[in-house]
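The structure appears right after this line, and notes come after that.
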Number of protein chains: 2
Amino acid sequence: MKKTKIKRTSWQILNSSKQRVTNQRALLLDILRKGGGHLDANELYERARRKQPRLSLSTVYRNLQLFKKLGLVDEHHFTEEHFHYEVKSGGEHHHLLCLGCGKVIEFTYPVGYQLREDISRGCGFEITGVEVRMVGLCSECRK
Amino acid sequence: MKKTKIKRTSWQILNSSKQRVTNQRALLLDILRKGGGHLDANELYERARRKQPRLSLSTVYRNLQLFKKLGLVDEHHFTEEHFHYEVKSGGEHHHLLCLGCGKVIEFTYPVGYQLREDISRGCGFEITGVEVRMVGLCSECRK
DNA sequence: GTTAATGCAAATGTTTTGCAGTATA
DNA sequence: TATACTGCAAAACATTTGCATTAAC
C-alpha cells in the first residue's frame with residue numbers, strides 16, 4: 001500500500017499515537033488537505049468515494065473525530081447546517097463568511113495578543129484560543 | 001390573556017409584522033430573557049413546560065426560527081452539540097467559553113470597527129457582523 | 001369568522017454505535 | 001497472529017413538516 005499520499009507529519013502523528021495508517025485515513029487526510037480546508041463530512045465522503053467506492057460514512061465520521069483528537073484538523077460551525085473541517089495550519093487565523101454564496105475566506109490579523117491580554121486580566125480566564133468571525137457579502141455577491 | 005410578561009418592544013415587533021402574540025411566544029421570550037441568554041432549544045423547552053406542560057417542542061423550534069428572522073434572538077454554536085440562543089442586546093458583544101464547565105461569558109471590546117475597516121478594504125467584502133470567540137479556562141476551573 | 005399558531009405524530013437528516021469480517025502492524 | 005479499523009445496518013439524536021384542532025385577531 002502506498003503511503004506517500006499522506007504527509008510525513010500526519011503519518012508520524014498517527015503512528016506515534018499507535019493509530020494505524022490505513023488507506024482510508026491517508027485518503028481522507030489527502031482530500032482534506034487539497035480541499036482548501038472547508039469541507040463538511042458529507043462532501044468529504046462524496047469525494048473520498050470517487051477513489052474508494054466502498055468507503056463508508058461512519059469511517060469518515062470516526063476518522064474526523066480521531067483527527068480532531070490528534071489535533072490534525074479543526075472543526076468550525078459557520079452556518080446552522082454542517083460542520084466544516086480544515087487541516088490545521090499552525091498559525092492563528094480567522095474566518096470571513098459570505099452570506100451570499102457561503103464561501104469562507106481565511107485571514108490573519110494581529111488581534112489575538114492584545115485581546116488575550118485584556119480579557120485575560122479582566123475575567124481571570126486562561127485563554128487558550130481566539131477566533132474572529134466576520135460575516136458579510138463578498139464583492140461578487142454584492143452585485 | 002396576560003401580555004405583560006412580554007416586553008413592549010418584542011410585542012411591537014411581533015405585532016407590526018402581523019405575527020400573533022400567543023401565550024407560548026410570550027413565555028418563550030420571557031424565558032430567553034431571564035435565561036441569561038445562553039439556552040439551547042431543549043433547555044428552553046424544559047423550562048417552558050414547567051409553566052405550560054402541553055407546549056410542544058415543535059413550537060419551540062418554530063418560534064426560535066421566527067425570533068431569529070425578526071432579529072429578536074441570536075443563534076450561536078459554541079460547542080459541537082447544540083445551538084444556543086440569546087435575546088439581542090443591541091450592542092456588539094463577544095463570547096468567552098470555558099472549556100472546563102461550559103460557562104459562557106459575554107464581553108464587549110472595541111475591536112469591531114478597526115477590524116471591519118481593515119478586512120473590508122483588504123477583501124472587498126461588505127462586513128455585516130463581527131464576533132470574537134475565545135476559549136479557555138475560567139478562574140474556578142483552573143484550580 | 002378567518003386565518004395563523006399549536007400539538008401531535010411521523011418524517012427527515014446528521015451523527016453514532018454494535019458487530020462480524022478485514023487489514024495493519 | 002493479535003487487534004485496531006472497516007463496512008454495513010440499525011440506533012440515536014436534533015430538527016422539520018403535515019395535518020387536524022385551537023386560539024388570536
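Just so it is clear, the model here is predicted, and its values are computed rather than measured. Just so it is clear: chains get the letters A, B, ... in the order the sequence lines come, proteins before strands, and each one is counted from 1.
- A straight line from CD of Gln24(B) to P of dC8(C) spans 11 Å, rounded to a whole angstrom.
- Formation of a donor-acceptor pair under 3.5 Å by the Asp40(A) side chain with backbone atoms of Glu43(A) is found in this model.
- When the nucleotides dT15(D), dC5(D), dT14(C) are ranked by their closest atom to the side chain of Arg25(A), dC5(D) comes out on top.
- Which of dG7(C), dC8(D), dT15(C) sits closest to the side chain of Arg54(A) comes down to dC8(D).
- From Ile127(B), atom CD1 reaches atom CE of Met134(A) across 4.0 Å, with rounding to the nearest 0.5 Å.
- Leu70(A) CG to Gln65(A) CD: the interatomic distance, rounded to the nearest 0.5 Å, is 11.5 Å.
- As a whole-Å value, the separation of Leu44(A) CG from dT15(C) P is 12 Å.
- Looking at Lys34(A) and Arg47(A), their side chains never come closer than 4.5 Å, going by heavy atoms from C-beta outward.
- Phosphate proximity of dT6(C) to Gln52(B): absent, as no side-chain N or O sits under 4.0 Å from OP1 or OP2.
- For Glu46(A) and dT14(C), the CD to P distance is 11 Å, given to the nearest whole Å.
- Atom OH of Tyr45(B) and atom P of dT15(D) are 14 Å apart (whole Å).
- What separates CG of Leu64(B) from P of dA14(D) is a distance of 14 Å, to the nearest Å.
- Among the nucleotides dA24(D), dT15(C), dT6(D), the one closest to any side-chain atom of Thr22(B) is dA24(D).
- Between the side chain of Ser58(B) and the base of dC8(C) there is at least one donor-acceptor pair of N/O atoms closer than 3.5 Å.
- Contact of Arg62(A) with dT6(D) (side chain to base): no donor-acceptor pair of N or O atoms is detected under 3.5 Å.
- The side chain of Gln65(A) places an N or O atom within less than 4.0 Å of a non-bridging phosphate oxygen (OP1 or OP2) of dT16(C).
- Closest to the side chain of Arg20(A), out of dT2(C), dA14(D), dA23(C), is dA23(C).
- When heavy atoms are screened at a 4.0 angstrom cut-off, Leu57(A) is found touching base atoms of the nucleic acid.
- OP1 and OP2 of dT6(D) both lie 4.0 Å or more from every side-chain N or O belonging to Asn23(A).
- Of the candidates dT15(C), dG7(C), dT17(C), dG7(C) carries the atom nearest the Thr59(B) side chain, counting heavy atoms from C-beta on.
- Across all strands shown, Asn63(B) has heavy atoms under 4.0 Å from sugar-phosphate atoms exclusively, and none from any base.
- Within the 4.5 Å cutoff, the side chain of Val132(A) has no heavy atoms near those of the His95(A) side chain.
- In this structure the side chain of Leu55(A) reaches within 4.5 angstrom of the side chain of Tyr45(A), judged on heavy atoms.
- Checking the phosphate oxygens (OP1, OP2) of dA5(C), a side-chain nitrogen or oxygen of Gln19(B) falls inside 4.0 Å.
- Between Leu66(A) atom CG and dT17(C) atom C1' there is a gap of 17 Å when expressed in whole angstrom units.
- If you take CD of Glu43(B) and P of dC13(D), they are 17 Å apart, rounded to a whole angstrom.
- At whole-Å resolution of the value, CG in Asn42(A) and P in dT16(C) are 14 Å apart.
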